[in-house]
Amino acid sequence: MAEIFTGIGKIPYEGPKSKTPLAFKFYDAEKVVAGKKMKEHLPFAMAWWHTLCAEGRDIFGAGTTDKAFGAAQDTMEHARAKVDAGFEFMQKLGITEFCFHDTDTVPEADDINETNKRLDEITDYMLVKMKETGIKCLWGTANMFSNPRFVNGAGSTNSADVYCFAAAQVKKALDLTVKLGGRGYVFWGGREGYETLLNTDVKLELENIAALMKMAVEYGRKIGFKGDFLIEPKPKEPMKHQYDFDAMTSIAFLRQYGLDKDFKLNIEANHATLAGHTFAHDLRVSAINSMLGSIDVNTGDPLLGWDTDEFPKDVYDTTFAMLEVLRNGGIAGGFNFDAKTRRPSYTHEDMFLAFIHGMDTFALGLIKAAAIIEDGRIDNFIKEKYSSFNSGIGQKIRSGQTSLEELADHAAKLKKPEMPGSGKQEYLESVVNSVLFNN
């Protein structure tokens, strides 16, 4: 097989003082941080769709990036070329996993039976490359939002026939995920929502989505899938009202329909911010509910109100994110770069530069998060802030050994409580700065 990314070798680690563009400055796979190697803390994955398919198109213009990789577009030859390109790309970056939608990997045919044959063929080839390189599959999913048949959703569609097509895609995508040894299966509800209540039966749609997920769990377990099923929350775009708005909404949905034993969340940074939260917020909500499964690492532009899927660049964001991951004891899934280069960054070299930048940003976040924990001032402050619940009436509240009457009697004896301790937000922010910038 001819080399695709000529002139680019395996990306080395050169350290923070390096000015070599095609070198890591902070991501040192073998470096031990907080008791584990960096590559164990940060199991990075390549997204098939953005990395191998996205050409830089937008609503105002055609693509700028050549993703043909030497083959004619929309052919099985092109599908195989993407496999070759993807595995070469991952090897050169030291990335050990990938994730995919079904229709990322092959051109979709007019007949679902033909599409499934193509999927069987390309995953056979992917398996060969996986065995050659040791690269593994993080998770699979089905694209149930691009085809016009999903105009009114997949699980939430008003057409029973379209619902069956959605079920067929989920079945096949699960077959492929098991075939490739995937550790997870994601439901990305790209059109599971509505534009107006005037034409929507919300109860029916939610029940149908849940039924599809239950059938997926039953089938997946039957064919030997032992990984996590995942929901990826997203607040808007393309539907005005998405049913999986944020982490808490998705958790409530899973519990409402008895899916919480098999499902966890795949949290994406850009989706969290579109919901009006920080990335760390949705990670925290998922973690405290034992629902943190996997992570899509990217960022959005605060000046734009849609999902821009940019590579992570803000070390504050990655530090706060890695604080949540470290405090959770890690994650079962991985760190998938659901990110794409900007339209003017159209060369193959730009693809490598973007991944190096994103991997370095998260590596630095990991280093600084571990330093904040080791510093101890923030964790000690939080412990002290809630110390009133460690003894006396506070301890009785926490242990459930009191009543409303007893609490009211306690308040009456106090007559007037003292002010709670100061939150010291500004001081704690200064602690973060001192750890981040005191080298």
Side-chain angles (χ1 to χ4, degrees), residues 5 7-47 51 86-99 133-136 138 183 269 279-280 283 294-299 310-339 341 348-375 432-439:
F5 301 107
I8 299 175
K10 185 169 178 59
I11 305 302
Y13 169 75
E14 292 189 357
K17 294 184 179 180
S18 171
K19 293 185 179 179
T20 304
L22 291 170
F24 293 116
K25 285 74 180 173
F26 301 101
Y27 180 68
D28 180 358
E30 300 299 321
K31 179 177 180 177
V32 175
V33 179
K36 289 197 300 188
K37 292 181 179 180
M38 196 172 277
K39 65 182 180 183
E40 295 172 320
H41 282 294
L42 297 168
F44 289 125
M46 181 197 76
T51 309
F87 279 87
E88 180 185 327
F89 186 76
M90 287 185 279
Q91 280 188 291
K92 287 182 172 180
L93 280 162
I95 289 176
T96 56
E97 293 184 294
F98 65 89
C99 48
T133 62
I135 290 171
K136 298 179 180 180
L138 173 60
R183 297 195 284 123
F279 181 25
L283 293 174
S294 202
I295 298 176
D296 277 13
V297 289
N298 59 19
T299 191
E310 299 176 37
F311 279 85
K313 54 184 176 287
D314 189 323
V315 177
Y316 282 98
D317 283 348
T318 59
T319 298
F320 293 142
M322 291 311 300
L323 272 172
E324 300 305 323
V325 173
L326 289 176
R327 287 168 174 161
N328 188 59
I331 57 172
F335 290 75
N336 157 48
F337 279 104
D338 187 3
T341 56
H348 286 171
E349 182 184 61
D350 288 322
M351 294 165 56
F352 283 88
L353 294 171
F355 268 78
I356 291 167
H357 176 42
M359 294 166 75
D360 269 344
T361 303
F362 256 87
L364 187 52
L366 167 64
I367 292 166
K368 295 303 182 180
I372 287 172
I373 291 172
E374 184 178 0
D375 176 85
V432 172
N433 281 352
S434 72
V435 173
L436 261 62
F437 299 107
N438 182 10
N439 294 320

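We number each residue from 1, following the sequence as shown.
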Item checked: From CA spacing to verdict: side chain to side chain contact (heavy atoms under 4.5 Å, CB included), E97, N336 -> CA-CA 9 Å; E97 293 184 294; N336 157 48; over 6 Å; no
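- Two residues are said to be in side-chain contact when any heavy atoms from C-beta on lie closer than 4.5 Å; M359 and L42 fail this criterion.
- Side-chain N or O atoms of T318 include one that pairs as donor or acceptor with a backbone N or O of V315 at under 3.5 Å.
- Taking the side chain as every heavy atom from C-beta outward, F362 and Y27 never approach each other to under 4.5 Å.
- No more than 12 heavy-atom neighbours from other residues, nucleotides or ligands sit within 6.0 angstrom of NZ on K136.
- Between A45 and L138, the closest heavy-atom pair is CB-CD2, 3.7 Å.
- Taking CG from D338 and CE from M46, the interatomic distance works out to 12.0 Å, rounded to the nearest 0.5 Å.
- Taken from CG in L364 to OG1 in T319, the straight-line distance is 6.0 Å, to the nearest 0.5 Å.
- Residues forming a side chain to side chain donor-acceptor pair (under 3.5 Å) with N433 (at least two apart in sequence, or on another chain): Y316.
- Between F279 atom CZ and N298 atom CG the span is 8.0 Å, to the nearest 0.5 Å.
- Residues I356 and F24 have side chains in contact (heavy-atom distance under 4.5 Å, counting atoms from C-beta outward).
- No donor-acceptor distance shorter than 3.5 angstrom exists from the side chain of K36 to the backbone of H41, with no hydrogens or angles considered.
- When side chains are defined from C-beta on, L353 counts as touching L22, because their heavy atoms get closer than 4.5 Å.
- T341 OG1 to H357 NE2: the interatomic distance, rounded to the nearest 0.5 Å, is 12.5 Å.
- Residue pairs satisfying the salt bridge (charged side-chain N to carboxylate O under 4.0 Å, His left out) criterion with at least one member in residues 19-34, sequence neighbours excluded, are listed as follows: E30-K37, E30-K39.
- Closest approach of A371 to V435, counting heavy atoms only: CB-CG1, 3.6 Å.
- The heavy-atom pair separating Y13 from P16 by the smallest distance is OH-CD, 3.9 Å.
- Across K92 and G9, no two heavy atoms sit closer than the pair CB-O, 3.8 Å.
- Taken from SG in C99 to CG in D296, the straight-line distance is 6.5 Å, to the nearest 0.5 Å.
- Each of F355, F89, F5 was compared with H348 under the ring pair (Phe, Tyr, Trp, His ring centres under 6.0 Å) criterion, and only F5 meets it.
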Check: Step by step, would you call T133 with Q91 a side chain to side chain donor-acceptor pair (under 3.5 Å)?
Finding: CA-CA 8 Å; T133 62; Q91 280 188 291; 5.3 Å; no
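- Of all the heavy atoms in I11 and I8, the pair that sits closest is CD1-CG2, 4.1 Å.
- Interatomic distance, T299 OG1 to D317 CG, rounded to the nearest 0.5 Å: 5.5 Å.
- Here the side chains of T51 and F337 are not in contact, with every heavy-atom distance at 4.5 Å or above.
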Only pairs under 3.5 Å count here: list side-chain donor-acceptor contacts from residues 320-327, not counting sequence neighbours, and write none if there are none.
{"residue": "E324", "atom": "OE1", "partner": "R284", "partner atom": "NE", "Å": "2.6"}
{"residue": "E324", "atom": "OE2", "partner": "R284", "partner atom": "NE", "Å": "3.3"}
{"residue": "E324", "atom": "OE2", "partner": "R284", "partner atom": "NH2", "Å": "2.9"}
{"residue": "R327", "atom": "NH2", "partner": "D379", "partner atom": "OD1", "Å": "2.6"}

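- Nearest approach of G333 to P43, heavy atoms of both residues: O-CG, 3.8 Å.
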